[in-house]
Amino acid sequence: MKKIIISFLAGFFLLCGVARAQTAPVQVVGDKTETKYLQGVLGLDVSGIGVDITDGLDNFVEDAYSAITLSAGVKVNNQISLTGFYQFSSEEDKTTYAYLGSVPGTYKTTGSFKAYGVDASVYFPPSEKVNVVASAGVGYYDFSLDEEFHSMHGVYTTSSSEDHIGLRFGIGAEVKLAEHIALTGNVRYVFLDYDDDTDYIENLAEFGLGVRFYF
């Protein structure tokens, strides 16, 4: 995992070097020209998340979530952006009939997660109003699970958490509504540092819609 992260960072800085070597976008203001190498970026996304859960635990734990992602960063030379993100999911319940030892009862789980990290994106403009956007990033994911077992003997409760480092890879499109506003759509897959001896969450798949503000 460390080698992959180092490779990702090296690739990003190489892309930054290529971008800076290109001709910068030029804005005409009256009789003057203004070169703008950096733009601020703010983003808001709403996503549907599918979680890969191992060992048949998806029978007891919900594997579909909705999430909101907030992001902020900079866009370099109109070609590459580097943004930090914070993502939090909905709390999703799942109730099943199960046994605790030999005692039958109702088993309820409530799962959710939070994540933060950084993404690098490269923009490919097939037209003036549309960008195809490819992204790669690194994130820290914190999953939590609350459990309740209801039986004739009472209620047994417990909670647990699971932390992961994830490599994020995405592809999407951006449609400009105005000079500083764009709508986005993207799909992303997240590879988590999964240990089959201790973990129950393997990977994530994400589909999102959002908006970007450039300033």
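Predicted model, so just to flag it, every value in this text is computed and none were measured.
- To the nearest 0.5 Å, the span separating CG on Asp146 from OG on Ser160 amounts to 8.0 Å.
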- Can Ile171 and Val132 be said to form a side-chain contact (heavy atoms from CB on, under 4.5 Å), step by step? CA-CA 8 Å; Ile171 187 74; Val132 175; 4.1 Å; yes
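- Proximity of the aromatic rings of Tyr116 and Tyr140 is defined here by a centroid distance below 6.0 angstrom, and this criterion is met.
- When all heavy atoms are compared, the tightest approach of Ala64 to Glu92 is O-CG, 3.5 Å.
- Contact record, Ile49 with Ala67: CG1-CB, 4.0 Å, taken as the closest heavy-atom pair.
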- When you look at Thr54 and Asp196, which way does the side-chain contact (heavy atoms from CB on, under 4.5 Å) test go after all the steps? CA-CA 8 Å; Thr54 62; Asp196 58 7; over 6 Å; no
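- The stretch residues 56-66 participates, sequence neighbours left out, in these side-chain hydrogen bond (donor to acceptor under 3.5 Å, both in side chains) pairs: Ser66-Ser90.
- A distance of 13.0 Å separates NZ in Lys176 from CG in Leu183, rounded to the nearest 0.5 Å.
- Atom OG1 of residue Thr83 and atom NZ of residue Lys75 lie 11.5 Å apart, to the nearest 0.5 angstrom.
- With Asn77 contributing its side chain and Gln79 its backbone, the two residues share no donor-acceptor pair below 3.5 Å.
- Of the possible polar contacts, one joining the Glu162 side chain to the Tyr200 backbone as a donor-acceptor pair under 3.5 Å is found.
- Classified by interplanar angle (parallel below 30°, tilted 30° to 60°, perpendicular above 60°), the ring pair Phe113/Tyr141 is tilted.
- Counting Ile, Leu, Val, Met, Phe, Trp and Tyr side chains that sit under 4.5 Å apart, directly or through other members, Tyr194 stands alone, with no cluster partners.
- Within the model, atoms OG of Ser112 and CG of Leu145 stand 8.5 Å from one another, a figure rounded to the nearest 0.5 Å.
- In summary, of the residues considered (Glu148, Lys94, Glu147), a side-chain hydrogen bond (donor to acceptor under 3.5 Å, both in side chains) with Tyr107 occurs for Glu147 alone.
- Closest of all the heavy-atom pairs between Thr157 and Val155 is CG2-CG1, 3.8 Å.
- Linking ILVMFWY residues whenever their side-chain heavy atoms come closer than 4.5 Å, directly or via other members, leaves Met152 and Tyr156 in distinct clusters.
- Using a 4.5 Å cut-off on side-chain heavy atoms (C-beta onward), Asp163 and Phe143 make no contact.
- Without hydrogens or angle criteria, Asn203 side chain to Leu192 main chain gives a donor-acceptor distance under 3.5 Å.
- Contact of the Leu44 side chain with the Leu70 side chain is registered, since non-hydrogen atoms from C-beta on lie closer than 4.5 Å.
- Note on Leu177 and Tyr214: separate hydrophobic clusters, where clusters join Ile, Leu, Val, Met, Phe, Trp and Tyr whose side-chain heavy atoms are under 4.5 Å apart, directly or indirectly.
- Side-chain N or O atoms of Asp193 include one that pairs as donor or acceptor with a backbone N or O of Ile165 at under 3.5 Å.
- The heavy-atom pair separating Tyr123 from Asn78 by the smallest distance is CB-O, 4.3 Å.
- Considering OG of Ser81 and CG of Leu38, their distance stands at 11.5 Å, rounded to 0.5 Å.
- Side-chain contact between Ser71 and Val41 is absent, with no heavy-atom pair separated by less than 4.5 Å.
- Within the model, atoms CD1 of Ile201 and NE2 of His164 stand 5.5 Å from one another, a figure rounded to the nearest 0.5 Å.
- Between Leu204 and Arg188 the shortest side-chain heavy-atom distance does not fall below 4.5 Å.
- Tyr99 belongs to a hydrophobic cluster with Tyr97, counting contacts under 4.5 Å between side-chain heavy atoms of Ile, Leu, Val, Met, Phe, Trp and Tyr, direct or through other members.
- Phe213 has its side chain within reach of Ile181: a pair of non-hydrogen atoms, C-beta onward, lies under 4.5 Å apart.
- Inter-residue side-chain proximity for Thr184 and Val133 is flagged as unmet; no heavy-atom pair is nearer than 4.5 Å.
- The shortest heavy-atom contact between Thr69 and Glu206 is OG1-OE2, 4.4 Å.
- Remark: Asp45 engages Arg212 in a salt bridge, criterion side-chain N to carboxylate O under 4.0 Å.
- Val187 and Val46 fall into different hydrophobic clusters, where Ile, Leu, Val, Met, Phe, Trp and Tyr residues are linked whenever their side-chain heavy atoms come under 4.5 Å apart, directly or through other members.
- The minimum heavy-atom distance between Val138 and Asp119, with the atom names listed, is N-OD1, 4.4 Å.
- Side-chain heavy atoms closer than 4.5 Å link hydrophobic residues (I, L, V, M, F, W, Y) into clusters, and following such links, even through other members, never connects Val122 to Val175.
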